[in-house]
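Comments concern the structure below.
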Amino acid sequence: MNVTELSGVPDWLPDHLRDEGVEELYPPQAEAVEAGATEGESLVASVPTASGKTLIAELAMTASVARGGTALYIVPLRALAGEKRTEFEAFEQYGLTVGVSTGNYDSDGEWLATCDIIVATSEKVDSLVRNGAPWIDDLSCVVADEVHLVDDGNRGPTLEVTLAKLRQRNPGLQVVALSATIGNPEILAEWLDAELVDSTWRPIDLKKGVHYGQAVHLEDGNQRELQVRDGEKATEAIVRDTLNDGGSTLVFVNSRRNAEAAARRLAGTVENELTNEERTQLASVAAEIRDVSDTETSEDLASAVERGGAFHHAGLASEHRELVEGAFRDRLLKVVSATPTLAAGVNTPSRRVVVRDWRRYSGEAGGMAPLSVLEVHQMCGRAGRPGLDPYGEALLLAKSHDELDELFDRYIWTDPEAVRSKLAAEPALRTHLLATVASGFASSREGLLEFLDQTLYATQTTEGGRLERVTDDMLDYLEVNDFLERDGDDLTATSLGHTVSRLYLDPMSAAEIVDGLQTAEDRPSALGLFHLVSRTPDMYELYLRSGDREEYTMLANERETELLGMKPSEFEARWEDWLSALKTARLLEDWASELDESEITDRYSVGPGDLRGKVDTAEWLLSAAERLAGELGLEWAPAVREARTRVANGIRTELIDLAGVRGVGRKRARRLYEAGIETRTDLRNADKAVVLGALRGRRKTAENVLDNVGRTDPSMADVEADGSVAVVGEGENDQSNLGEF
DNA sequence: CATCCTCCCTTTTAGACAGCATGTC
DNA sequence: CTAAAAGGGAGGATG
């Protein structure tokens, strides 16, 4: 189908597509149009990665907007929201407006309501529905990207429930669900009353194969020699081979440590092939990486990048990840070893993909469990860069002939699994039942069951009664904890229940926080509050390592009076969780005691990304706790607020006032404080020479800070830094001054 | 005597959404 | 129901 034949789309679109080099639609795109994508028909597109899914969404969205509607594009990751926004911004030249809404980045609320296309994460959409964002009712087209994630036990139910709510709220809503190739796309189509486009077509050929011995065995039956030298690992040989061919390699491994070790080794095999130009550019990327964070992880990454390799996992700060992704896309990095973060994340295609480890540790399975076919296919799908490579190649590695056969049977010749709704699980229903009642989608048990009947779970289940059973259990839980009131058959959310739903808290987290704050007899300490929020189900747990049990049991005894609520006995099952929450709490306390990032990441064996994640979550939960305390009229709200401010800025109590000034963070606040400037009032009246000295002679910074604190004459012209204060706290943070000793 | 290599035993293990109100070094 | 790699330490070989 030629782009000129499109009907229903805005007039400018065919020309725009031609400008972008699109003349003919890909077969799955044409199928989608024939199924009515541009006429407002709902659609499930189950197609491989990189086969033009985004264009299907764009056709549907622009057509819908042209009819006067509004489109919403739901993504599973914040990083993807940014990527999609950039893509859709191409439409702004035709007068369309694009907005983004995620937890950490929001377009202006009022402006969002006027946008034609809005990009948001599924949780954010859920939250917007709960909080009654007015534009939700005006939607005409909703795109759900990576909809196969409804299979995910944690986050799948949110997407599922949100889609059901949007459809109930907007009769006639067009739903475009984009999925990876899965075993049962027809059930998704049945659920969404949608047409199905099920295709395995790819614009670039993908050749899958298994490497064994000295050869690659491809799925078409061909073999190709690929020599592995003595003392060399298969992965190294493949990377070398790809590089000789002018391509780069993406290697998937099963742990962070393996990713880092592989990057170190593989950087060694590519570093001699770099041009001087590449070396220079890589050195500047490495410098940016070191700038992001002063930790061992950051340093290891930078030194690998200098040699043309990198690793990628969730322990990296998001800036780290972006730098690696960018340098890999620019073909500067010749090899990246990654955990599954990269398979599901932003678009990072590669000439060749190696799935080195096909088993991964799983606590539930009690050992190494094989990756799902879907997951391996997603990794393989990263092979082949559109427009750059003639084809992509994805290789698994076998160490024995038996394994060679097994890998072919398991992954190459096998279709991906069917997806299955995970809605009938307690945590999911506990949260979504409350939200459904609180935001007015149901007001009785029957109403709830009727609503739940609109979900994928209901479409899919053959096991009648299970959903109803769990629903009743969770209604009891919500009633006992005072989130819901039952009057005969009627259900209403209490005011506490409304607050919890709007704060986007798991009701169990809210119950834990409320209980902890209510039973506190004295003003809770920061550690006590950090521990309280760390043991809620909304905080991801730190792993207890050998030796940690004893260490934190001792800490629990030493600081027992600070810890809120009932301490479980060491023989209870939840003791482990309670201890690991204590470990998290002490990490947060270290952060809020101005310990350096590098010392913390070292002490707890975490990456900078983990630390920032924990701090972020704690900040969110403490602000929710503050609201709950206010709601219930509890007296400890100020203590909660103080803990929140401390963890948000990473400061001790005495810096709270100073850190409230824009442009002053944990480092500057500490230096000002050491120079005798302890409050904002001090700062307003301070000797400029002292301020300038404390801020290391940075005139521009000093002027900004003084301006922000409301000083009328912030100019630093003619002021000389007071040298006596400039030395304070120096050495660790400013490398340029190290040499003076 | 220092350094390197090898072998064996122990340790460890993926990912990441949300509120609210504005900005680190 | 299930594993594998890295890192550290001991002990031996090498220079």
Side-chain angles (χ1 to χ4, degrees), chain A residues 75-79 81 101-106 109 120-128 130-131 149 152 154-156 158-159 233 252-262 264-265 291-294 312-315 318 338-345 356-363 365-371 375 399 431 499-500 502-506 509 538-540 543-547 597 605 609-610 612-614 616-617 619-627 644 648-650 659-671 695-696 698 701 704-705 708 733-734:
Chain A
V75 290
L77 296 169
R78 295 198 285 229
S101 184
T102 67
N104 64 342
Y105 181 82
D106 247 330
T121 55
S122 31
E123 284 77 10
K124 187 64 185 192
V125 177
D126 187 16
S127 168
L128 288 164
R130 295 184 191 192
N131 287 288
L149 290 174
D152 182 291
N154 279 324
R155 300 180 53 209
T158 302
L159 179 57
K233 305 224 175 187
F252 285 105
V253 299
N254 65 1
S255 75
R256 294 178 179 190
R257 202 167 59 174
N258 285 344
E260 295 184 15
R264 227 178 353 257
R265 261 207 326 273
D291 250 11
V292 169
S293 152
D294 180 28
H312 189 288
H313 58 62
S318 54
T339 57
T341 18
L342 212 56
R356 195 193 76 175
D357 304 331
W358 57 280
R359 284 191 264 238
R360 184 169 54 219
Y361 179 83
S362 149
M368 299 302 271
L371 302 184
E375 212 170 343
K399 281 182 288 297
T431 300
T499 304
V500 170
R502 281 199 302 263
L503 286 172
Y504 213 79
L505 279 181
D506 182 330
S509 299
D538 278 309
M539 179 74 88
Y540 200 80
Y543 183 85
L544 282 183
R545 298 133 54 79
S546 73
E597 188 183 27
S605 306
D610 300 297
R612 293 170 194 202
K614 290 277 174 300
D616 208 47
T617 308
E619 188 189 344
W620 165 52
L621 286 170
L622 285 167
S623 71
E626 188 190 343
R627 285 278 296 276
R644 189 199 76 103
N649 295 299
V661 178
R662 189 184 303 167
V664 179
R666 64 193 315 228
K667 299 269 169 73
R668 289 176 184 169
R670 178 50 64 189
R671 276 190 226 110
L695 296 176
R696 299 253 178 73
R698 297 290 182 77
T701 307
N704 277 334
V705 166
N708 292 334
N733 308 313
D734 199 341

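It should be emphasised that the depicted structure is a prediction, and the values quoted were computed from it without experimental measurement. The sequence lines fix the lettering, A, B, ..., with proteins before strands; numbering per chain opens at 1.
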**Request:** Please answer whether the main-chain N or O of Arg359(A) pairs with a side-chain N or O of Asn254(A) as donor and acceptor at a distance below 3.5 Å.
**Result:** yes
**Request:** Would you kindly give the OH-to-C1' distance between Tyr105(A) and dG19(B), to the nearest whole Å?
**Result:** 18 Å
**Prompt:** Which sits closer to the 5' end of DNA chain B, Arg662(A) or Arg256(A), going by the nucleotide each is nearest to?
**Reply:** Arg256(A)
**Request:** May I ask you to evaluate whether Arg78(A) reaches the phosphate of dA18(B), defined as a side-chain N or O under 4.0 Å from OP1 or OP2?
**Result:** yes
**Request:** Can you figure out which of dA6(C), dG19(B), dT12(B) approaches the side chain of Asn258(A) most closely?
**Result:** dA6(C)
**Asked** What's the CZ-C1' distance between Arg356(A) and dT13(B), to the nearest Å?
**Response** 13 Å
**Message:** Measure CG/Asn254(A) against C1'/dG15(B) and give the value in whole Å, please.
**Reply:** 14 Å
**Message:** Please determine whether a side-chain nitrogen or oxygen atom of Ser362(A) lies at a distance below 4.0 Å from atom OP1 or OP2 of dT13(B).
**Reply:** no
**Distance, rounded to the nearest Å, where Asp357(A) contributes CG and dA3(C) contributes P** = 15 Å
**Fill in**
Among dG15(B), dT12(B), dC25(B), the one nearest any side-chain atom of Tyr540(A) is dG15(B)
**Asked** Given dG19(B), dA3(C), dG15(B), which nucleotide is nearest the side-chain atoms of Met368(A)?
**Response** dA3(C)
**Request:** Assign Gly665(A) to base, sugar-phosphate, or nothing according to its heavy-atom contacts below 4.0 angstrom with the strands shown.
**Result:** sugar-phosphate
**Request:** Taking all heavy atoms of Arg644(A) and all of Ser623(A), pick out the closest pair and write down the distance.
**Result:** CD-CB, 3.4 Å
**Prompt:** Quick one: does Arg668(A)'s side chain have a donor or acceptor within less than 3.5 Å of a partner on Gly663(A)'s backbone?
**Reply:** yes
**Asked** Quick one: do Asp610(A) and Lys614(A) make a salt bridge, cutoff under 4.0 Å?
**Response** no
**Complete:** Between CG of Asn708(A) and C1' of dG23(B) the distance, given in whole Å, is 10 Å
**Item:** Backbone N/O of Pro76(A) and side chain of Arg155(A): donor-acceptor pair under 3.5 Å
**Value:** yes
**Request:** Would you tell me if any nitrogen or oxygen in the side chain of Lys233(A) comes within less than 4.0 Å of OP1 or OP2 on dA5(C)?
**Result:** no
**Asked** To the side chain of Arg668(A), which of dC25(B), dA16(B), dA6(C) is closest?
**Response** dC25(B)
**Message:** If we ignore hydrogens and angles and just use 3.5 Å, is the side chain of Thr617(A) paired with the main-chain N or O of Gly613(A) as donor and acceptor?
**Reply:** yes
**Prompt:** Any sub-3.5 Å donor-acceptor pair from Asn708(A)'s side-chain atoms to Arg662(A)'s backbone N or O?
**Reply:** yes
**Message:** Over all strands shown, is Asn131(A) touching base, sugar-phosphate only, or nothing at heavy-atom distances under 4.0 angstrom?
**Reply:** nothing
**Request:** Please state the C1' separation for the pair dA3(C) and dA14(B) - nearest whole angstrom.
**Result:** 16 Å
**Asked** Under a 3.5 Å cut-off for both distances, is dA18(B) Watson-Crick or wobble paired, and to whom?
**Response** none
**Asked** Can Trp620(A) be classed as stacking with the base of dG19(B), given a centroid separation cut-off of 5.5 Å and a plane angle cut-off of 30°?
**Response** no
**Prompt:** Counting only side-chain N and O atoms of Thr339(A), is one of them less than 4.0 Å from OP1 or OP2 of dG15(B)?
**Reply:** yes
**Request:** Give Arg264(A) one of three labels, base, sugar-phosphate or nothing, depending on what nucleic acid heavy atoms sit under 4.0 Å from its own.
**Result:** sugar-phosphate
**Message:** Under 4.0 Å, heavy atoms only, any strand: does Arg265(A) hit a base, just the sugar-phosphate, or nothing?
**Reply:** sugar-phosphate
**Request:** Among the candidates dG15(B), dA5(C), dC17(B), find the nucleotide nearest to the side-chain atoms of His313(A).
**Result:** dG15(B)
**Prompt:** Roughly, in whole Å, what's the span from CG in Leu622(A) to P in dC20(B)?
**Reply:** 15 Å
**Fill in**
Taking dC25(B), dG19(B), dG15(B) as options, the one with an atom nearest any side-chain atom of Arg671(A) is dC25(B)
**Message:** On the nucleotide dG19(B), are OP1 or OP2 found under 4.0 Å from the side-chain N or O atoms that Ser127(A) carries?
**Reply:** yes
**Phosphate OP1/OP2 of dA4(C) contacted by Ser255(A) side-chain N/O (<4.0 Å)** = no
**Item:** Proximity to the side chain of Lys667(A) - top-ranked nucleotide from dG15(B), dA6(C), dC25(B)
**Value:** dC25(B)
**Message:** With a 4.0 Å limit, can you tell me whether Arg612(A) has a side-chain N or O closer than that to the phosphate oxygens OP1/OP2 of dA16(B)?
**Reply:** no
**N/O (side chain, Arg359(A)) to phosphate O (OP1/OP2, dA4(C)) under 4.0 Å** = yes
**Complete:** Assert: residue with more 5' nearest nucleotide on DNA chain C, out of Lys399(A) and Gly367(A), is Gly367(A)
**Prompt:** Given dT24(B), dA18(B), dT12(B), which nucleotide is nearest the side-chain atoms of Arg257(A)?
**Reply:** dT12(B)
**Complete:** Dot-bracket for DNA chain C, 5' to 3', Watson-Crick and G-U pairs with both distances under 3.5 Å, [ ] for crossing pairs, | for partner on another strand, reads ..|||||||||||||
**Message:** Is there a side chain to side chain contact (heavy atoms under 4.5 Å, CB included) between Ser293(A) and Arg612(A)? Walk through the geometry before answering.
**Reply:** CA-CA 11 Å; Ser293(A) 152; Arg612(A) 293 170 194 202; 3.6 Å; yes
**Fill in**
Of dA18(B), dG15(B), dC25(B), the nucleotide closest to the side chain of Thr617(A) is dA18(B)
**Asked** Which of these nucleotides, dA14(B), dG19(B), dT12(B), is closest to any side-chain atom of Ser546(A)?
**Response** dT12(B)
**Item:** Separation of atom CG in Asn104(A) from atom C1' in dT22(B), rounded to whole Å
**Value:** 13 Å
**Asked** Which is true for Val664(A) with a 4.0 Å heavy-atom rule: it touches a base, it touches only sugar-phosphate, or it touches nothing?
**Response** sugar-phosphate
**Message:** So, under a plain 3.5 Å distance rule, would you say the side chain of Thr341(A) forms a donor-acceptor pair with the base of dG15(B)?
**Reply:** no
**Prompt:** Which whole number of Å gives the distance between the P atom of dC17(B) and that of dT2(C)?
**Reply:** 34 Å
**Asked** Does the side chain of Asp126(A) come under 3.5 Å of the side chain of Thr158(A) through a donor N or O and an acceptor N or O?
**Response** no
**Request:** Using whole Å, report how far CG of Leu342(A) lies from P of dA16(B).
**Result:** 11 Å
**Message:** Quick check: on DNA chain B, is the nucleotide nearest Leu77(A) upstream (toward 5') of the one nearest Glu375(A), or the reverse? Name the residue that is more 5'.
**Reply:** Glu375(A)
**Message:** What's Gly663(A) touching, base or sugar-phosphate or nothing? Going by heavy atoms closer than 4.0 Å.
**Reply:** sugar-phosphate
**Prompt:** Got Asp106(A) and Lys124(A) here, is their nearest side-chain heavy-atom distance under 4.5 Å?
**Reply:** yes
**Message:** Nearest 0.5 angstrom please: Leu503(A) CG to Trp620(A) CH2, how far?
**Reply:** 9.0 Å
**Message:** Considering every strand and a 4.0 Å limit on heavy-atom distances, what is the contact class for Gly103(A): base, sugar-phosphate, or nothing?
**Reply:** base
**Request:** Give one of base, sugar-phosphate or nothing for Val500(A), where a contact means two heavy atoms less than 4.0 Å apart.
**Result:** nothing
**Message:** Taking only side-chain N and O atoms of Arg627(A), does any of them lie within less than 4.0 angstrom of OP1 or OP2 on dC20(B)?
**Reply:** yes
